[in-house]
Amino acid sequence: MACVTRMDYQYWNEKFEKMPRRELEAWQLERLRDVVGYSLRTPFYQKRLAEAGIAGPGDIKSLADIKRIPFTTKHDLRDGFPYGFLAIPKDEVIRLHASSGTTGAPTTIYFSRDDINRWTSFVARCIYGTGCTKTDVFQNMITYGLFTGGLGFHFGGEEVGMLVIPSGAGNTTRQFRLMQDFGTTVVHATPSFLLHVESKMKEEGVRRDSIKLKRAFAGAEPYSEDTRRRIEELLHIDVYNSYGLSEMNGPGVAFECQEKTGLHIWEDGYIVEIIDPETLEPVPEGERGELVLTILCREATPILRYRTRDLTGFVPGPCPCGRTHRRLRRITGRSDDMLIVNGVNVFPSQIEEVIMAMKEVGNNYLIEIEKDGVLDRLTVKTEVTAETFMDDTRPLNAIKEKIRRTLQASITINPRVELHESGSLPVSEGKAVRVRDRRPKDI
Ligand code: DLL
């Protein structure tokens with residue numbers, strides 16, 4: 001890809017971060033043509049673009065021509081599993097990540113070495129933009145593995161030159177120990193885990209002056225300005241909002257700078273559109289709608305006009321920090337039914353698929369999410385068939401445990417399971433209400 005290399009980028013690149021809009025748009029147009037070229041190597045886009053009358057990059061004459069390209073959805077990505085979106089030879093791929101929250105086939109993203117370097121540079125740029133430098137000690141308190149949050153920030157932190165502690169998520173006692181032993185100054189976590197850390201600190205009697213924490217990067221799930229303020233006040237730190245999604249690399253798509261007035265979305269790596277999810281037309285400037293992204297900085301898995309389902313809008317006007325890349329408002333929700341439970345994406349259909357495959361389970365079920373302290377708690381209430389209820393040879397507890405284990409294997413979080421007698425869960429008159437999200441809506 002005639003695209004940026006590691007040498008061009010690194011963690012601070014004034015030329016790109018403060019590029020005049022006209023130059024930025026010229027850059028985007030060139031990259032869009034590259035990426036269309038790459039995409040035409042995949043079976044999916046060969047067909048899709050041919051149907052839209054796009055034979056090659058030459059058909060993209062201006063940025064406005066992006067509208068000729070059809071949208072890509074999560075459904076398309078799943079249909080293309082495992083290699084339908086791979087645009088380079090397999091032996092040039094050095095890593096894959098897969099997104100959580102999908103039924104059946106996961107959505108898998110492949111990276112070449114240059115892709116990893118470009119992604120790393122974007123994450124490093126985000127980190128540096130919050131004021132972190134190589135003198136910082138960075139504890140990455142988020143899940144490593146197929147989830148992009150762990151390795152994405154790990155590489156970005158190293159690129160900035162910070163001392164990176166790959167602590168992963170969970171185990172607060174050990175997290176405190178690491179913070180104290182190594183003088184951690186910055187952490188990365190989901191906002192709910194940060195709140196949990198604060199309550200555990202009190203519980204375990206960890207004194208604030210025994211740790212040197214100054215900043216936190218918080219993302220992977222929606223949270224409100226009030227929650228940010230609360231974490232900042234309780235922990236005496238600055239919290240920066242971090243947005244990303246696996247399909248677009250992972251973290252490093254949009255991030256707050258020190259002004260904290262919206263998330264700069266890196267427009268040299270992404271073309272940004274905000275559409276009305278019903279009409280699919282662009283919303284008027286500044287209004288909220290669904291974010292649609294085209295990735296310009298990845299050759300192994302090009303994805304054009306991806307419907308993220310995330311609802312946001314642009315913050316008007318320039319940012320005092322001088323960066324020219326537009327800012328997104330805090331993401332407030334989604335235009336589909338995906339739930340985010342303690343940072344993990346879950347579709348109600350995943351739960352349905354698991355429980356309905358079990359013969360003991362009756363016809364009705366209900367998913368409830370509420371706050372348990374600062375963390376989210378997911379409860380699956382399901383009816384069991386009359387025969388199961390009457391059969392006293394198989395204790396209901398064993399069935400409950402089987403449902404819990406099977407669900408956990410599918411959705412990766414540990415739900416509470418409640419069994420109810422057939423016909424006892426509420427039946428709605430119209431469309432079935434399968435989800436009750438009782439978490440306070442303070443966004
Ligand atoms: O959550 C990538 C990530 C890792 C972002 C670490 C930030 C920090 P996925 O698992 O694919 O990837 O989930 C992506 O999470 O479409 C949003 O709905 C939601 N999300 C991510 N960041 C935010 C945020 C990672 N700051 C999905 N605010 C996205 C609100 C967020 N929602």
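Owing to the predicted nature of the structure, the values given are computational and were not obtained by experimental measurement. Order of listing sets the numbers, starting from 1, for every ligand and every atom in it.
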Seminar exercise, completed: Scanning both residues in full, the closest heavy-atom pair of Y240 with R215 reads CE1-CD, 3.8 Å

For this session: Using distance alone, decide if ligand 1 has a nitrogen or oxygen within less than 3.5 Å of any nitrogen or oxygen in A220.
Result: yes

Problem set entry | Test item: P348 and L339 side chains (from C-beta on) under 4.5 Å apart, heavy atoms | yes

Problem set entry | R230 with D226: basic N within carboxylate O range, under 4.0 Å | no

For this session: Under 4.0 Å from a heavy atom of R334: give me the atoms of ligand 1 that qualify, with their elements.
Result: 16 (O), 18 (O)

Exercise. Does ligand 1 have a heavy atom under 4.0 Å from the side chain of T148, from its backbone, from both, or from neither?
Worked result: side chain

For this session: Look at atom 2 (C) of ligand 1 and find which of S242, G244, C126 reaches it with the closest heavy atom.
Result: G244

Exercise. Per the side-chain contact (heavy atoms from CB on, under 4.5 Å) rule, which among L304, I275, D76 passes with F71?
Worked result: I275

Problem set entry | Atoms in ligand 1 flagged as close to I340, the criterion being non-hydrogen separation under 4.0 Å | 15 (O), 18 (O), 19 (C)

Exercise. So, T42 versus S39: side-chain donor-acceptor pair below 3.5 Å or not?
Worked result: no

Problem set entry | Mode of D310 contact toward ligand 1 - side chain, backbone, both, neither (heavy atoms, under 4.0 Å) | side chain

Seminar exercise, completed: Of A98, P251, S246, G333, the one whose closest heavy atom lies nearest atom 12 (O) of ligand 1 is S246

Exercise. Does some non-hydrogen atom of F147 fall short of 4.0 Å from ligand 1?
Worked result: yes

Problem set entry | Heavy-atom closest pair, residues Y45 and L40 | O-CD2, 4.0 Å

For this session: For N345, counting its heavy atoms only, list the atoms of ligand 1 lying under 4.0 Å from any of them.
Result: 9 (P), 10 (O), 11 (O), 13 (O), 14 (C)

For this session: Check ligand 1 against G149 and write out every atom of the ligand that is under 4.0 Å from a heavy-atom position of the residue.
Result: 4 (C), 6 (C)

Exercise. So, E418 and R416, do they make that salt bridge, N to O below 4.0 Å?
Worked result: yes

For this session: Would you tell me whether N241 and R228 have side-chain atoms, one donor and one acceptor, within less than 3.5 Å of each other?
Result: no

Problem set entry | Where ligand 1 meets H188 - atom numbers and elements under 4.0 angstrom, heavy-atom basis | 6 (C), 8 (C)

